[in-house]
Structures are given as C-alpha cells and as structure tokens.
Amino acid sequence: MENHIENAEKLRLEALSALEGVQDEKSLEDFYVAYLAKKGSIPGLMTHMREVEDKAAFGAAVNKARGDVTAAYEAKKASLAQKALQARLAKDKIDLTLPGEPMGVGHVNPYRLVIDEVIDIFLAMGYEVCEGRDVETDRFNFELLNVPKDHPSRDMQDTFYFGDDYLLRTQTSAAQAHKMTEMEPKRPIRMIAPGKAYRRDDDDMTHSHQFAQIEGLVVDKDISIAHLKATLELFAKRMFGQKREIRLRSSYFPFTEPSVEVDVSCFNCGGKGCAMCKGTGWIEILGAGMVNPRVLEACGYDPNVYSGFAFGVGVERVAMLRYGIDDIRRFYQNDQRFLKDFPLK
Ligand code: DAH
C-alpha cells in the first residue's frame with residue numbers, strides 16, 4: 001500500500017528544490033500552477049484522505065507541505081520583484097550632476113514696447129496716464145463723443161454687446177469722456193490712455209477684432225490747433241527720429257472739429273518714396289482734431305471757456321511699421337520665435 005504521508009513529504013522536498021531553479025516570473029507562475037493552485041499537486045494530495053489511516057498525521061504532512069512551499073514561493077516572488085526593480089533602477093539611472101535645462105527669459109510683446117515708448121514721451125511733457133476700461137457703456141463709448149444712436153459712423157464700429165447698454169469699447173476715446181466727466185471741479189487735462197479696443201472686423205493681415213490704441217486729450221483755456229501740431233510733431237520726432245516732419249490732412253471724426261489725419265515723413269526712405277510709404281514719402285500714423293464743443297459741453301466743460309485737442313494712435317500699426325512686422329495676428333499668437341526677435345526692456 002502506498003505511504004501517502006511519505007509522498008506528501010517527497011512532494012514538499014521536490015517542490016522546494018524545483019523552486020530553487022526558478023529564475024523569472026514566467027517560470028514562477030508555471031511553478032504556482034503545478035504545485036499550489038487549486039488543481040496543483042499539493043492541494044491534490046487531499047484526494048487521498050479517504051485512503052489513509054492516520055488522518056491526523058497525513059493532514060499535518062499536507063499542511064506542512066503547503067505551508068513551506070507557499071512561504072518559499074512568496075519569498076521567491078518578493079526576491080524576483082526586488083531584482084526586477086534593481087534592474088530597472090540600474091537602467092534608468094539619473095545623473096544629478098548633469099547641467100539643468102535653462103529657463104527661458106520671457107520677452108516683451110512689441111506692441112507693449114511701443115506703448116511704453118509713447119508713455120515715456122508724453123510723461124516727459126507732463127501728461128498723466130489714465131486707465132480707461134474695456135467694458136463700456138453706450139454713453140461713454142458713443143453718446144458723449146457726439147455719436148448718437150442713429151449716427152452712420154456706428155456702422156464701422158460694430159462691436160460685442162452685453163445687452164443694449166454694455167459693450168466692449170470700440171475706441172480708447174471713451175477714456176476721454178470718463179476723464180472729462182470725472183474731473184470735478186472742471187480744470188485743465190493732459191492725459192493719455194493706452195488700452196485695448198474691439199471691433200467686429202475681418203481678421204486678416206491688417207485687421208483684428210482686438211487691437212491696442214493710445215488716446216490723447218488736452219483740455220485747457222486757449223488751446224488751438226497750433227498746440228496740437230506742435231505736440232504731435234514733437235511726438236513724431238521722438239518716436240521716429242529727429243529728421244521726421246508731420247503733415248495734417250483734413251478728415252472727419254464726430255468728436256473733433258476740425259478733424260485731421262496725421263502723416264509722418266517716411267522713416268524708411270526719409271520722404272523720397274519707397275515700398276513702405278507706397279511711393280508717397282508719407283505714412284499715416286494717427287487721427288486727431290480739436291475737441292468738438294458738443295463733446296466738451298456733454299462732459300461738463302463750458303466750450304466758451306475751454307478748448308482742447310485729442311488724438312488716437314493705432315499701436316499695432318506703429319509697431320508694424322517700426323519693426324517691419326507683416327501680419328497683425330503675430331502680436332497675439334504668443335509665439336516665442338516671433339517674440340524673441342524684439343529687444344528686452
Ligand atoms: N477713435 C478714433 C478711431 O478709433 C481715433 C481718434 C481719432 C481718436 C481722432 C481721437 C481723435 O481722439 O481726435 O478711429
């Protein structure tokens with residue numbers, strides 16, 4: 001008759017020695033299936049229980065086999081996992097002595113460079129810088145600037161509305177109306193207001209639904225168009241070079257009377273005519289004029305006592321001319337390859 005207790009002990013020893021030969025996870029799994037899994041040989045010993053006489057001794061032998069082999073199996077599993085980890089760590093070694101990735105220094109957007117330059121020029125002339133706001137009311141963006149609801153010039157300045165009264169401002173000129181209405185008691189003003197403006201527009205090389213402008217406003221007693229001309233001439237020379245001249249062409253804006261477009265002699269060819277000035281020798285840089293008495297009055301200034309001039313500069317346009325930028329969209333794409341070509345401040 002077979003000695004099942006001895007068989008259990010033999011199986012225990014056989015399994016332990018088989019386990020010693022196991023070197024990888026695949027054979028460990030095969031080992032588990034062969035010896036320890038439900039249908040493996042160690043649990044299989046129990047099928048002989050009915051045949052043995054000393055059931056207690058047999059049970060103890062089977063338990064010992066299962067216990068020892070399971071413990072050895074677990075230890076092997078842990079040591080293989082440890083080995084695998086060591087191998088991976090050895091492969092992925094990090095060299096802490098390597099030099100780090102340099103952190104790039106950001107660049108100032110060229111339109112911001114232009115704004116800062118303009119601010120410097122006007123601060124030196126005693127102007128203050130006003131903030132203005134991007135979300136405006138119809139009253140400040142249009143009504144107070146002599147653009148009533150049915151005025152045809154509104155067609156060119158369609159914008160983004162929040163209800164009937166609130167809108168994204170179409171022009172920094174709205175800042176003029178704020179300054180004048182807020183000034184109490186009424187007294188002279190010299191201010192510039194840089195900021196964003198928004199219009200429903202085609203987005204192409206020279207148009208964008210969002211752009212930057214700089215508004216200027218002077219209000220005082222006895223201000224004439226001579227002051228306007230002298231101021232803008234000084235500005236043009238500081239901005240584009242001492243040799244520059246300006247010329248005024250008559251134009252129309254609802255909030256100025258008379259109104260002018262201001263050209264600067266071409267800073268590329270000096271006025272002889274080139275591709276940049278389209279052969280004319282002149283480049284248009286801004287709109288301006290004498291503050292319309294109706295605007296002064298609407299904003300609380302007595303037009304019999306006060307007069308003033310105002311102007312509005314398109315910032316991207318100046319930056320494009322200045323730096324030879326061909327597409328207005330480049331200002332807003334935040335592409336480092338573009339931005340890094342401009343000087344740091
Ligand atoms: N607001 C005008 C525009 O957006 C620019 C402008 C023209 C502003 C003449 C002025 C001005 O203050 O006097 O086209």
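Owing to the predicted nature of the structure, the values given are computational and were not obtained by experimental measurement. When a ligand or atom number is given, it counts from 1 through the structure's own listing order.
A 6.0 Å sphere centred on CZ of R294 holds no more than 12 heavy atoms belonging to other residues, nucleotides or ligands. For K186, the NZ atom sits in a packed shell: over 12 heavy atoms of surrounding residues, nucleotides or ligands are nearer than 6.0 Å.
A distance limit of 4.0 angstrom between heavy atoms and ligand 1 selects the residues Q171, S173, Q176, R199, Q213, E215, F253, F255, T256, G287, A288, G289, A310, F311, G312.
Under the 4.0 Å criterion applied to side-chain N and carboxylate O atoms, E215 and R169 are not assigned as salt-bridge partners.
Here R88 pairs with L85, D92 under the side chain to side chain contact (heavy atoms under 4.5 Å, CB included) rule; sequence neighbours left out. Under the rule for a ring-ring contact (aromatic ring centres under 6.0 Å, His included), the partners of Y35 that lie at least two apart in sequence or sit in another chain are F31. A search for side chain to side chain contact (heavy atoms under 4.5 Å, CB included) contacts involving K196 returns Y111, D134, Y198, Q210, not counting sequence neighbours.
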